[in-house]
Asker: 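Sharing a structure with you now.
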Amino acid sequence: MRVLHALLAFSCLLLGVDGGKKFKVDPKQTRVYGPGLEPHEVVFPARYFFIEPRDTKGNRIQKSVGASFKVQVEGQGGDGSYCRVWVQVLDRYDGTYIARYRTYQTCRSTLIHVLYNGQPVADSPYKIPDPVYSEHCYCPEGDITTWQETVDCPADYPQIQKDLALFRQVDFDFVLNAATKRFDAAGSRSFCNYVIKDNQIYRKCYGQHVGFNMFMDNVLQSLLRKMLIPDTEFIVNLGDWPLVDPKVVPLLPIFSWCGSEDTEDIVLPTYDLTEATLEMMGRVTLDMLSVQSNNEVPWDLKKPKAFWRGRDSRRERLDLIALARQHSHLINASLTNFFFFKEEEKEFGPKEKHISFFKFFNYKYQISIDGTVAAYRLPYLLAGSGVVLKQDSPYYEFFYHDLEPFVHYIPFKRDLSDLIEKIEWARANDDKVKVIAENGRKYAQENLMPKDVYCYHAALLKEWSKRLTSEVKVRPDMEHIPIEENEKRFGACQCHRLTRHDEL
């Protein structure tokens, strides 16, 4: 049977070396686990699971074995043809591999083969009993609670509870009226009012620059294909800066991609991290899985310098360039674009060409410094193989309050006054810093994966909908945003969970 797939090529070695000792990978002892082994129940744009090589005694092999792992996903389309599936195997260089695949049509009689040098691994082949639907098939699993249980989402998110604590009962008619008066004056802010009614999306946007509504449209469409969301209504801030000033009454509930210590916005996963999840194995190259597979430079061979590239979106970024010039043996930093401080390009330029994000990790120390708000690249820096030096900041993303200084990252002052001191400390305490890097990476692997992005959105919408006291209704001037289904090229979804009546 011909299978269309893509995979990373590795030399076909049966034996590896760890500290001079030879070990043998045992395909049957090797562990295979993750949500991608249940594609009939857990639908993500790109499904994924993990391969953990073990030796003949069942001990985990904690280094890259240079092994030839191969994954094949095969099934039949609606017309009996072979399913179109794209597969990748990614080496995380820590003794584990990520297998991920994207289906482009409904597949039946699906088999997932995991092979090591041609030998079946663990319980391979994995036989999938029900149809495997693509990301673009409308086939809700059930209500949000059912979906959360199926995907095994966390029971609670402290950040959600904190954000919603001030909004226990919400009359949304009042909220919308107050928000349009406060934020829509002369188009000073851009935001959208969203309504989800009968699992359909409606919205009306306010302001001059509303193009970022596509990010919210996309994630809502993806969520609604997978679950039945209670009728609900909310406002999404389309700008960078949080909007909700606690000193201005009445306090208005606004969803934003970034929060701050002096505002009360309800924080969503950023549009950047969410879009990388939705477009994985599609139009994006940097995502939370791909960044983990570009860590082939071992810790001891990385350059013991701090690295940064970015645009001039904050004064401290210019200060960093000046600092790097004074301490070129400790910092490699350059600006890639001038916009905010264009008149200072002569002093802080010339701008340098963009460098692949994956090349950042040739350096041990990764600087995270605010842009207009929080630096949205932090999830990828944590997931990489360096250690993060993070600027103190009042801005935060949905997960920042989980992170601990000197456990997951190394902090430095907002004015950069101790950055050189922290880099020198890192160079003098390499063993401790390596552990911090590993902790940060482990946190990202356990809390910032595609599953976690979906779980957080679902939990927030579920908890928020409980607080609405007003009737959820589609307003006369709202636009209906249809839930796209793009399987026409490969046959209809034919969701087995929907009866003809449901489809109508």
Side-chain angles (χ1 to χ4, degrees), residues 18-19 50 52 60-64 90-98 273 276 286-310 320 324 327 329-333 355-370 374-393 396-397 399-413 416 418-449 452:
D18 183 5
F50 306 98
E52 189 177 275
R60 180 182 169 188
I61 300 169
Q62 298 189 27
K63 292 187 177 182
S64 176
L90 308 175
D91 189 349
R92 295 205 284 194
Y93 296 93
D94 63 357
T96 59
Y97 297 78
I98 303 171
L273 182 62
L286 176 63
D287 58 66
M288 287 302 292
L289 301 187
S290 67
V291 74
Q292 296 178 51
S293 69
N294 284 270
N295 302 321
E296 65 271 20
V297 179
W299 179 264
D300 293 340
L301 297 182
K302 293 182 187 295
K303 299 175 184 178
K305 296 175 67 174
F307 187 87
W308 183 85
R309 291 290 186 275
L320 176 63
H327 303 274
H329 65 296
L330 295 178
I331 304 175
N332 180 337
I355 183 175
S356 168
F357 192 86
F358 305 124
K359 297 297 184 183
F360 285 23
F361 301 106
N362 292 344
Y363 296 81
K364 284 187 177 181
Y365 318 125
Q366 303 298 318
I367 295 175
S368 178
I369 190 167
D370 283 353
Y376 289 174
R377 69 177 61 170
L378 183 58
Y380 311 112
L381 292 178
L382 289 170
S385 56
V387 67
V388 175
L389 289 97
K390 182 185 177 304
Q391 179 191 31
D392 291 340
S393 170
Y396 59 85
E397 296 179 48
F399 65 93
Y400 278 24
H401 291 135
D402 291 343
L403 302 177
E404 298 181 46
F406 293 106
V407 175
H408 301 105
Y409 67 93
I410 299 170
F412 63 90
K413 292 179 180 179
L416 281 60
D418 66 341
L419 178 57
I420 296 302
E421 174 188 332
K422 291 298 175 61
I423 297 172
E424 291 176 336
W425 177 86
R427 287 163 64 102
N429 293 272
D430 193 65
D431 289 344
K432 293 180 181 179
V433 171
K434 185 178 180 181
V435 171
I436 295 172
E438 291 169 350
N439 290 342
R441 192 175 191 211
K442 183 179 179 182
Y443 176 85
Q445 291 173 349
E446 294 178 352
N447 298 277
L448 301 176
M449 298 290 272
D452 304 297

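These numbers were taken from a predicted model, which means no experiment stands behind them. Index from 1, following the sequence. Atom set for the values below is all heavy atoms of this structure, side chains included, hydrogens, waters and symmetry mates excluded.
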Asker: Do S293 and Y97 have side chains that get closer than 4.5 Å, going by heavy atoms?
Answerer: no
Asker: Could you grab the distance from atom CG of L382 to atom NE2 of H408, nearest 0.5 Å is fine?
Answerer: 8.5 Å
Asker: Who are the salt bridge (charged side-chain N to carboxylate O under 4.0 Å, His left out) partners of K364, not counting sequence neighbours?
Answerer: D430
Asker: Start with the C-alpha distance between Q391 and L419, add both sets of side-chain angles, then the distance that settles side-chain contact (heavy atoms from CB on, under 4.5 Å), and finish with yes or no.
Answerer: CA-CA 9 Å; Q391 179 191 31; L419 178 57; over 6 Å; no
Asker: Specify the closest pair of heavy atoms between A375 and S368, including all atoms of both residues, with the distance to one decimal.
Answerer: CB-OG, 4.0 Å
Asker: To the nearest 0.5 Å, what is the distance between CG (N439) and CZ (R441)?
Answerer: 12.5 Å
Asker: Calculate, to the nearest 0.5 Å, the distance between atoms NZ and CD1 belonging to K390 and I369 respectively.
Answerer: 10.5 Å
Asker: Taking all atoms of both residues into account, what is the closest heavy-atom pair of D392 and K413, and its distance?
Answerer: OD2-CA, 3.6 Å
Asker: In sequence, state the C-alpha distance, the side-chain angles, and the governing distance for N332 and R309, and then conclude on side-chain contact (heavy atoms from CB on, under 4.5 Å).
Answerer: CA-CA 9 Å; N332 180 337; R309 291 290 186 275; 2.9 Å; yes
Asker: Kindly compute the distance separating CG (L378) from CG (L403), expressed to the nearest 0.5 Å.
Answerer: 6.5 Å
Asker: Does the side chain of L286 reach to within under 4.5 Å of the side chain of F358, using non-hydrogen atoms?
Answerer: yes
Asker: Do the side chains of M449 and Q292 get nearer than 4.5 Å, heavy atoms only?
Answerer: yes
Asker: State, yes or no, whether a side-chain contact exists between I410 and W425 at a heavy-atom distance under 4.5 Å.
Answerer: yes
Asker: Could you go through Y443 and L448, starting from their C-alpha distance and side-chain angles, then the distance that decides it, and tell me whether this counts as side-chain contact (heavy atoms from CB on, under 4.5 Å)?
Answerer: CA-CA 8 Å; Y443 176 85; L448 301 176; 4.2 Å; yes
Asker: To check you understand the geometry: which heavy-atom pair defines the closest contact between A276 and Y380, and what is its length?
Answerer: CB-OH, 3.5 Å
Asker: Could you give the distance from NZ (K422) to CD (E424), rounded to the nearest 0.5 Å?
Answerer: 12.0 Å
Asker: Going by heavy atoms in the side chains, are F360 and I355 under 4.5 Å from each other?
Answerer: yes
Asker: I'd like to check L330 versus R427 (side-chain heavy atoms, cut-off strictly below 4.5 Å). Are they in contact?
Answerer: yes
Asker: Tell me, which pairs form a salt bridge (charged side-chain N to carboxylate O under 4.0 Å, His left out) where one or both residues lie in residues 286-305, sequence neighbours left out?
Answerer: R100-D287
Asker: Given the rule in the ring pair (Phe, Tyr, Trp, His ring centres under 6.0 Å) test, do F357 and F361 qualify, once you have shown the distances and angles that lead to the verdict?
Answerer: CA-CA 8 Å; F357 192 86; F361 301 106; 5.7 Å; yes
Asker: Please assess E438 against K442 for the test side-chain contact (heavy atoms from CB on, under 4.5 Å), listing each intermediate value before the final yes or no.
Answerer: CA-CA 6 Å; E438 291 169 350; K442 183 179 179 182; over 6 Å; no
Asker: Which heavy atom of A437 sits nearest a heavy atom of G386, and at what distance?
Answerer: CB-O, 3.4 Å
Asker: Is there side-chain contact between L389 and F307, with at least one heavy-atom pair below 4.5 Å?
Answerer: no
Asker: Are side-chain heavy atoms of Q445 and R92 found at a separation under 4.5 Å?
Answerer: yes
Asker: Measure the spacing between CG of D402 and OH of Y396 and express it to the nearest 0.5 Å.
Answerer: 12.5 Å
